[in-house]
Every structure is written in structure tokens, then in C-alpha cells.
Peer 1: 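Take a look at the following structure, please.
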Amino acid sequence: MPGRASPRAGKLLAAATGWAMLDKDTLSRPLTERLLLALGGDPDDRHSPTYLEHARPLEYACLMKAAWENLECGISVVAVAPFLAESADAQWPASRRCGWTATLSPCVTA
């Protein structure tokens, strides 16, 4: 289906490269469904104003924050999501961190 993110393609690319795979739906679906229910919406809807205004921005923020945290640790990422609205937004590349700013630094594990 055109415009639909493909977890299968993401998994293949991640397996071929050894990069981490981050799927927007895997990271956020349970929270998105609960949020939509709490707002009186359909947990499976992805087209209503409620979803588009309240849930979708949070889904992408979670995905991009997880991606940047991996990148800060030197781990390349395959981010799986449609990115349809983002690709149509000329300002998106400059704001791709979804409002999250970070200083790139090596990860330290104890």
C-alpha cells in the first residue's frame, strides 16, 4: 500500500545493516490507543482530528527521541513510520527532533 510504512522492509534493512530498528507503531501503539479512548475516540482511528491533533504528534516525538538517543550512542537507526506529513513540510528537516534538543555525547554505561 503506497504511503504505508513497512515494518517488514524496516526489519530487512535493519538485519542487513545491523542497525537498530524503531517502529513508530511498536513504540507507541498501546499508549496511542489508551489516549484515544481517554479522549473519547476510537482506539483504531488514525484520521480523526482527535488523533491528528493529540496522538500523532506524540507518536512521532517518541519515535524521533528514541532515534536520537540511539544516534547519540553511535547506533545507526532504521526509523519506520509513514512520515507523510513530515515529508510535505519544508520546515521538517530543521525541526526533525520534534522539539527535543540534545547535546551529542558518548553514552556511558555502568
Side-chain angles (χ1 to χ4, degrees):
M1 167 181 262
R4 184 174 175 270
S6 173
R8 183 174 175 202
K11 287 178 183 179
L12 290 171
L13 182 58
T17 60
W19 297 354
M21 185 194 134
L22 300 175
D23 183 303
K24 176 185 72 69
D25 291 336
T26 302
L27 291 170
S28 63
R29 183 181 306 268
L31 294 170
T32 296
E33 290 173 353
R34 293 291 296 261
L35 175 61
L36 290 172
L37 281 172
L39 294 173
D42 178 348
D44 297 317
D45 176 58
R46 297 299 183 268
H47 302 287
S48 70
T50 299
Y51 170 76
L52 295 172
E53 293 171 20
H54 300 286
R56 188 183 187 284
L58 297 173
E59 290 179 329
Y60 280 82
C62 290
L63 174 62
M64 296 310 296
K65 287 178 182 183
W68 279 103
E69 286 182 357
N70 276 275
L71 293 170
E72 287 179 344
C73 295
I75 302 167
S76 296
V77 171
V78 176
V80 178
F83 291 104
L84 295 174
E86 292 74 17
S87 64
D89 179 359
Q91 297 298 313
W92 188 73
S95 63
R96 66 185 174 272
R97 291 188 189 191
C98 301
W100 183 66
T101 58
T103 304
L104 293 177
S105 60
C107 287
V108 178
T109 57

Peer 1: Run the salt-bridge test on Lys65 and Glu72 with the 4.0 Å N-O cut-off and return the result as yes or no.
Peer 2: no
Peer 1: Work out which heavy atom in Leu52 is nearest to a heavy atom in Pro57; give both atom names and the distance.
Peer 2: O-CD, 3.4 Å
Peer 1: Kindly give the heavy-atom pair with the smallest separation between His47 and Asp45, and that separation in Å.
Peer 2: N-OD1, 3.2 Å
Peer 1: Return yes if some donor-acceptor pair links the side-chain N/O of Tyr60 with the main-chain N/O of Phe83 below 3.5 Å, else return no.
Peer 2: yes
Peer 1: Of all heavy-atom pairs between Pro43 and Leu36, which one has the smallest distance, and what is that distance?
Peer 2: O-CD1, 3.8 Å
Peer 1: Is there a chain of hydrophobic side chains (I, L, V, M, F, W, Y, each step under 4.5 Å between heavy atoms) that links Leu27 to Leu31?
Peer 2: no
Peer 1: Run the side-chain contact (heavy atoms from CB on, under 4.5 Å) test on Glu59 and Arg46 for me, step by step, so that the C-alpha distance in whole Å, both residues' side-chain angles and the decisive distance to 0.1 Å come before the verdict.
Peer 2: CA-CA 11 Å; Glu59 290 179 329; Arg46 297 299 183 268; 4.2 Å; yes
Peer 1: Measure the spacing between CZ of Arg8 and CG of Asp23 and express it to the nearest 0.5 Å.
Peer 2: 14.5 Å
Peer 1: So, for Pro30 and Asp25, which heavy atoms are closest and what is the spacing to 0.1 Å?
Peer 2: CD-O, 4.4 Å
Peer 1: Is there side-chain contact between Tyr51 and Thr32, with heavy atoms separated by less than 4.5 Å?
Peer 2: yes
Peer 1: For Leu63 and Ala81, work out which heavy atoms get closest and say how close.
Peer 2: CD2-CB, 3.7 Å
Peer 1: State plainly whether one hydrophobic cluster holds both Ile75 and Leu71, where clusters connect Ile, Leu, Val, Met, Phe, Trp and Tyr through side-chain heavy atoms under 4.5 angstrom apart.
Peer 2: no
Peer 1: Looking only at heavy atoms, what is the nearest atom pair of Ala20 and Asn70, with distance?
Peer 2: CB-OD1, 4.1 Å
Peer 1: So if you build clusters from Ile, Leu, Val, Met, Phe, Trp, Tyr with side-chain heavy-atom gaps below 4.5 Å, do Leu39 and Leu58 land together?
Peer 2: yes
Peer 1: Would you say that more than 12 heavy atoms from the other residues, nucleotides or ligands in this model lie under 6.0 Å from the CZ of Arg34, or not?
Peer 2: no
